[in-house]
Peer 1: 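Here it is, the structure in full.
It should be emphasised that the depicted structure is a prediction, and the values quoted were computed from it without experimental measurement.
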Amino acid sequence: MFPTPIENSSSLIRIGYKVILPIALFLWLLPLLGIAFTSIRPAADLDAGNYFGWPSNFAGVENYTSVFTRSNIGYYILNSFKVTIPTVIGTLILSTLAGYALAIYNFRSNLIIFFLFVAGNFVPFQILAIPVRDLSIDMGLYDTSIGLIMFHIAFQTGFCTLFMRNFIKALPVVLIESARVEGVNDWKIFYYIVLPLVRPAIAALAVLVFTFIWNDFFWATIMSQSVSVRPITAGISELKGQWKAAWELIAAASIIAALPPVAMFFMMQKHFIAGLTLGATKG
Amino acid sequence: MAKVELQDVRKSFGTHEVIKGIDLEIPDGAFCVFVGPSGCGKSTLLRMIAGLEHTTAGTIMIGGKDVTIVQPAKRGVAMVFQSYALYPNMTVAENITFGLRMTNQSKATTEKKLSDAALILKLDRLLDRKPAQLSGGQRQRVAIGRAIVREPGVFLFDEPLSNLDAALRVEMRTEISRLHAELDSTMIYVTHDQIEAMTMADVIVVLNAGRIEQVGSPLELYHNPNSLFVAQFMGSPKMNTFAVELSDYGHRKTKVDLPNGGFIVVDGSERLSGPAVLGVRPEHITIDTKGELKGEVVLSERLGPETMLHVDVGETEPVIVKEDGLNKLSRGDQCALKIEADACHLFASEGQTIRSGSLLD
């Protein structure tokens, strides 16, 4: 069996494994634990310098409620959804269609177009920051949700198309040929045969793009200003205050901000089932 | 039901020509098998008839209509793929009726055709299953069912049995033959297995390197091959061959000098002298103390009803002799082989037949 089960290893390795694993796990989770503890600490603890010790009393309820009362975080969460959901949907539609075309049809410039999609991923976002901001101002899209959505879709479609094209390319091509011989038109082949089979890929991309857009700070700060547009990642900074950063509130807001991607993962989880093409061809 | 005609059909991938000019007429209702070694172009030719491959040059006619540039769906063909190509997300019933539903056939006809096909193929109990829950043979039957409901003029089979195990292959072979008799359609069947070709075909087309080597009925190809290639391809175990020297024996007879000193005399050879290849099938060699060829048994394959003896006579490959199943000879035994002169084929060194050993009337 590979890898060898840990129970069958020498005692030295077994003990080492049992000692090192919890330490590694603790170190890995430390930042997350730090945020979680800070979010339930009373402000007084932080003022007194009790950053890492045990909280003097549980202030979770006050902290989490004051995040909502002392800032516009409700708006920001809504703004994030307003940007993230259309981006995920738009990206998936475009990249699945483009991936299908690039994987199935043999047209002359197929590979060139495919490489363009791939090459787009190598351009660093930072280089594009100023041109994109200027362009969005010229187009009247600066500080609007639609502007953020459009630029996000443009940047995400490259990678997603690469992913979908390769996934569709791996499907048995006879399925499509067989449907063609049966006289099924291409849109129907896409909808009834390809789409059900790429569901795991769509689910994976949905989670990936959702998390990425939700967590995006870069474009959120560059492309938005007003309370009605700012996504939560940019909005959290509002809690910094004028003279003093309210770290317990920032921590609480961060935990709230992190929840939707986690929820998204669990929602999509059941679609990640492998072996959907089982039985299509000789297994 | 439709006749299929190919006129000087060619296919190139880039500069590489894989189909080098095929002229063929497959009569209406015939069971035609394309057979040949891998890479001979048989699958490509079938896919060209189906319309899945572009035809570089030449004309393809189905049912008297030129379909060379017609889309696959409009050619009146149905295809069964080697890998079944079932839609994994659909049940058996949905798989079979997919094409009908997508081309807006009425619900009543769809139901009727589905139940007819299910009955013919004994799939009626499996209609609600998904492909993953079926065995290989059942999957292949679903694939055939999908072809049947289209009621095509021509059925195209691309090595449909090569993914099945041996026993199931024999069963499906008879089933496809029965289907041909029942449906009375033209069927074109591609295989590399000469046993499938022999057992199922009305007409066999032997392909080699993109060209037709020979067309004929199974027995005609077996007994009367017009080249060494066909002779060796048809028949299992394959025909024994020896490099021999011919000389004139008088009275239009030819003396064939065997490798280790013996000779046989045959009549009717086109050439009377020079180098040639002697071909003789395992069933036309017998163990006989007066035989021309002496050798030693190196392997005996006991199949039950018969035994295949591999006899080393000093050539690079042993001679295979088909003997009775009760034959006692085994590895290490010395024996002499007698060759039935009438059944001897002679081939020129370029490969074409110069004497046919046909035993047909």
Side-chain angles (χ1 to χ4, degrees), chain A residues 92 96 99-101 103-112 164 167-204 206 268 270-283, chain B residues 46-47 49-54 71-92 94-105 129-136 138-140 142-143 146-147 149-150 152 154-156 158-160 162-165:
Chain A
L92 288 178
T96 312
Y100 176 69
I104 302 298
Y105 300 117
N106 284 317
F107 50 94
R108 199 181 301 268
S109 46
N110 184 314
L111 268 189
I112 295 171
M164 289 309 300
F167 199 91
I168 294 172
K169 195 90 184 163
L171 296 178
V173 70
V174 281
L175 292 181
I176 287 146
E177 289 182 337
S178 162
R180 275 208 192 126
V181 176
E182 290 196 76
V184 184
N185 74 38
D186 282 274
W187 282 105
K188 285 179 173 167
I189 292 177
F190 176 75
Y191 187 78
Y192 289 101
I193 297 173
V194 174
L195 218 48
L197 297 180
V198 297
R199 215 173 64 198
I202 291 178
M268 287 291 158
K270 74 171 163 86
H271 298 290
F272 298 142
I273 6 165
L276 266 187
T277 57
L278 205 70
T281 58
K282 170 83 174 170
Chain B
L46 190 79
R47 290 167 59 83
I49 296 172
L52 291 170
E53 296 283 354
H54 173 76
Q71 285 191 3
K74 307 235 163 74
R75 293 188 177 203
V77 300
M79 186 150 170
V80 178
F81 293 86
Q82 174 177 4
S83 59
Y84 322 136
L86 301 184
Y87 312 124
N89 49 315
M90 301 181 201
T91 63
V92 168
E94 286 167 339
N95 258 289
I96 293 177
T97 58
F98 183 65
L100 300 176
R101 286 183 287 126
M102 291 299 116
T103 48
N104 303 321
Q105 304 266 351
R129 296 224 193 143
K130 289 271 176 75
Q133 299 162 299
L134 301 178
S135 71
Q138 289 167 338
R139 286 181 202 176
Q140 194 51 273
V142 177
R146 213 164 52 180
V149 293
R150 298 200 64 221
V154 183
F155 280 90
L156 306 173
D158 189 4
E159 307 209 17
S162 43
N163 283 348
L164 302 179
D165 59 57

Peer 1: Which heavy atom in B:Ala85 sits nearest to a heavy atom in A:Ser178, and how many Å separate them?
Peer 2: CB-CB, 3.9 Å

Peer 1: Can you check whether B:Met102 reaches A:Ile189 side chain to side chain, under 4.5 Å on heavy atoms?
Peer 2: no

Peer 1: When rounded to the nearest 0.5 angstrom, what distance separates OG1 in B:Thr103 from CG in A:Asn185?
Peer 2: 10.0 Å

Peer 1: Kindly compute the distance separating CD1 (A:Ile176) from OH (B:Tyr87), expressed to the nearest 0.5 Å.
Peer 2: 9.5 Å

Peer 1: Counting only heavy atoms from other residues, nucleotides and ligands, does the tally under 6.0 Å from CD of B:Gln133 exceed 12?
Peer 2: yes

Peer 1: Below 4.0 angstrom, N of the basic side chain to O of the carboxylate: do B:Arg146 and A:Glu182 qualify?
Peer 2: yes

Peer 1: Under a 4.5 Å heavy-atom cut-off, does chain A meet the side chain of B:Arg47, its backbone, both or neither?
Peer 2: side chain

Peer 1: Find out whether A:Val181 and B:Arg150 are in side-chain contact, i.e. whether some heavy atom of one side chain is under 4.5 Å from a heavy atom of the other.
Peer 2: yes

Peer 1: What residue, out of B:Ala143, B:Ala50, B:Ala147, B:Gly99, has the most heavy-atom pairs lying under 4.5 Å from chain A?
Peer 2: B:Gly99

Peer 1: Rounded to the nearest 0.5 Å, what separation is found between the CZ atom of B:Arg101 and the NZ atom of A:Lys188?
Peer 2: 10.5 Å

Peer 1: How far apart are the closest heavy atoms of A:Tyr192 and B:Met90, and which atoms are they?
Peer 2: O-CE, 3.7 Å

